[in-house]
Amino acid sequence: MIEEYSQYVDKSIIREIEILAKRLENVKILHVNSTKEGGGVAEILMRLVPLMRELGIKVDWKVIKGNKEFFRTTKKLHNLLHLPQGDTLNSYDLVNYLQTTYENLREIDTENYDVVFIHDPQPMGLVVKKLKGQRWVWRCHIDTSTPERRAWEFIEGFLNAYDAVVFHLPEFANKGIKIPTFIIPPSIDPLHHKNVELDAKRIEEVLEKLGINREKPVLLQVSRFDRLKDPLGVYRAYRIVKEKYDCCLVLAGSFAPDDPEGEEVYTEVINATAEDKDVYVLNLPPDSHIEINALQRHATVVLQKSIKEGFGLVVAEAMWKGKAVIGGNTGGIKSQIVEGITGYLVNTPEGAAYRAKQLLADSRLREQMGKRAKEYVRQRFLIPRHLRDYLLLTCFLLGSKGLKFKA
Ligand code: UDP
């Protein structure tokens, strides 16, 4: 229940949530995304939606369907929105996207809702079904600060039909957006299995089950197998560290149904690291929350060396467990890591190796940074704040039109 969060956040935020939830009790809200598990969006919705229901809000979560070709197109779009890469959407991609959107328009009922939150580009085209009086929000989880031009024009074609857009950070809202724009960073849930306290025995059991060496310090990165997460860069950093420290590297990941590149990247990582017995490449089921929790708690040094990152929930997850994270100097990671205070920001594998050696050498430094990191997350990135922001936004969108909203 919402009251349980008062052990982590100020009681005033809990009261605000209760007041806002009461006002929204006649309102029907829908969230739509492209996968029920795997990746940060699903991770957030699987916590946020039940919490909203407990508060008496009528909320549903629906997932669009698509074949591998559709998700190849949308992964290409996702990558192009993150950064130009000498390629662009072609006419096949456009037809493919529109065809699957058309199929989902028939499958997904959006008519019975007052407010519809569409997450990321995959279900974005559903907005053509928007009814008069409804409020539609595009919730973007991507760093769109430097998108490839045609990919952004594609997004804009749908965006103007929305009533509002939400980004994680102000710099993601590129110029020229004509609809109201809001900034709401995401969150982690301290009551989720992934983040709750674990005792040493439980951690030990998980490590044993996963076959991880417990004698050597562990460098860890938890990520979908995705090139933008730079797993091979992390491996290079580990090789440099290994010249001085006898440590292990754990690359824990999983496949998400809406990311068809995962298997290719997994194979690349397996091939690159095959000779090294101290490297563990774990392909875990997407609901391995306790396993990820235990790995993050056990790790000596946590890395998230992304090249581009919308937010990077894994950074907040590790910081919440008192870890100093070495993160790629990009996007949402920059909003979580305060350089030299709550962790380190790096641009290269060499930089990551340098910082990892520094942390491995100094347990006091790790402890002090980890403490500050946890507090930083507590103040900014826990679920009550996120929920409050969504409820406020919903009240704002409905209130301004005098809909079913109880004033
Ligand atoms: N995750 C997981 N198992 C894995 C890899 C990732 O449970 O093997 C979770 C991770 O703990 C985090 C989410 O998936 O909660 C990833 O979110 P993030 O924002 O870091 O990255 P995204 O995948 O959305 O790009």
Side-chain angles (χ1 to χ4, degrees), residues 33-48 71 74-75 78-79 81-83 119-122 139-144 167-169 172 184-196 198 206 210 220-231 234 250-263 265-266 269 280-297 299 302-321 323 325 327-328 330-337 377 381-383 386:
N33 81 323
S34 56
T35 175
K36 69 177 184 356
E37 55 187 11
V41 179
E43 193 81 17
I44 293 167
L45 290 176
M46 74 176 72
R47 303 303 295 174
L48 206 57
F71 287 123
T74 56
K75 184 67 195 293
H78 170 102
N79 288 338
L81 289 170
H82 267 302
L83 78 175
H119 295 263
D120 278 345
Q122 301 92 331
R139 198 334 166 194
C140 178
H141 297 265
I142 297 172
D143 174 353
T144 48
F167 294 100
H168 295 331
L169 292 178
F172 294 178
I184 303 181
S187 62
I188 60 162
D189 185 346
L191 299 178
H192 184 16
H193 290 314
K194 173 149 298 150
N195 298 313
V196 291
L198 293 180
V206 172
L210 297 175
L220 170 73
Q221 176 159 299
V222 175
S223 280
R224 282 180 299 105
F225 293 101
D226 183 326
R227 291 188 188 94
L228 289 181
K229 311 284 186 184
D230 200 14
V234 173
V250 178
L251 293 168
S254 59
F255 297 149
D258 62 349
D259 180 2
E261 285 176 352
E263 286 174 37
V265 178
Y266 175 68
V269 175
Y280 302 85
V281 183
L282 308 177
N283 179 11
L284 301 171
D287 60 350
S288 307
H289 303 303
I290 295 282
E291 287 77 4
I292 299 292
N293 188 343
L295 285 169
Q296 287 169 331
R297 289 185 188 279
V302 176
L303 296 114
Q304 189 53 46
K305 218 208 84 38
S306 306
I307 294 160
K308 275 280 188 170
E309 190 65 75
F311 184 72
L313 287 181
V314 283
V315 174
E317 287 164 5
M319 289 170 73
W320 179 246
K321 291 159 188 119
K323 302 291 164 174
V325 178
T330 186
I333 298 179
K334 287 198 288 184
S335 72
Q336 301 181 68
I337 296 180
V377 169
F381 303 124
L382 295 186
I383 196 168
H386 193 186

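First listed ligand is number 1; within each ligand, the first listed atom is number 1.
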Test your reading of the structure: does [X] have an N or O sitting under 3.5 Å from an N or O of ligand 1?
X: Leu313; answer: yes
X: Arg224; answer: yes
X: Ile292; answer: no
X: Gly40; answer: yes

Exercise for the section: Inspect the contact between Arg224 and Asp259 and indicate whether a charged nitrogen and a carboxylate oxygen are less than 4.0 angstrom apart. Expected result: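 Yes, Asp259 and Arg224 are salt-bridged.
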Handout entry: Ionic contact status for Lys75 with Asp258, cut-off 4.0 Å
Key =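 Looking at Lys75 together with Asp258, the answer is no, because their closest N to O distance does not fall below 4.0 Å.
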Considering non-hydrogen atoms of the protein only, which is the closest contact for [atom], and what is the distance?
atom: atom 4 (C) of ligand 1; result: Ser254 OG, 3.4 Å
atom: atom 10 (C) of ligand 1; result: Val314 CG1, 3.4 Å
atom: atom 12 (C) of ligand 1; result: Glu317 OE2, 3.3 Å

Exercise for the section: Over all heavy atoms of both residues, which pair between Ser223 and Lys229 is shortest? Give the atoms and the distance, please. Expected result: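 Smallest heavy-atom distance, with atoms named: OG-CD, 3.7 Å.
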Problem - Part of Val222 within contact of ligand 1 (heavy atoms, under 4.0 Å) - result: side chain
Fill in the blank from the handout: If you compare Glu43, Lys229, Gln296, His141 by their heavy atoms, the one closest to atom 22 (P) of ligand 1 turns out to be Lys229
Problem - Shortest reach to atom 7 (O) of ligand 1 by a heavy atom, considering only His289, Lys194, Glu37 - result: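 Considering heavy atoms of His289, Lys194, Glu37, the nearest to atom 7 (O) of ligand 1 sits in Lys194.
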Practice task
Run the ring-centre check on Tyr266 versus Phe225 and record whether the distance is less than 6.0 Å.
Solution key: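 Yes - the distance between ring centres of Tyr266 and Phe225 falls below the 6.0 Å cut-off.
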Problem - For Gly312, atoms of ligand 1 separated by under 4.0 Å from a heavy atom - result: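 Those qualifying, in numeric order: 19 (O), 20 (O).
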Distance (rounded to the nearest 0.5 Å) between [X] [atom1] and [Y] [atom2]:
X: Gln304; Y: Glu309; atom1: CD; atom2: CD; result: 5.5 Å
X: His168; Y: Ile142; atom1: NE2; atom2: CD1; result: 9.0 Å
X: Glu43; Y: Lys194; atom1: CD; atom2: NZ; result: 3.5 Å

Handout entry: Ile44 and Ile383, any side-chain heavy atoms less than 4.5 Å apart
Key =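 Ile383 does not reach Ile44 side chain to side chain.
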Exercise for the section: For Gly253 and ligand 1, answer yes if some heavy atom of the residue is under 4.0 Å from a ligand atom, otherwise no. Expected result: yes
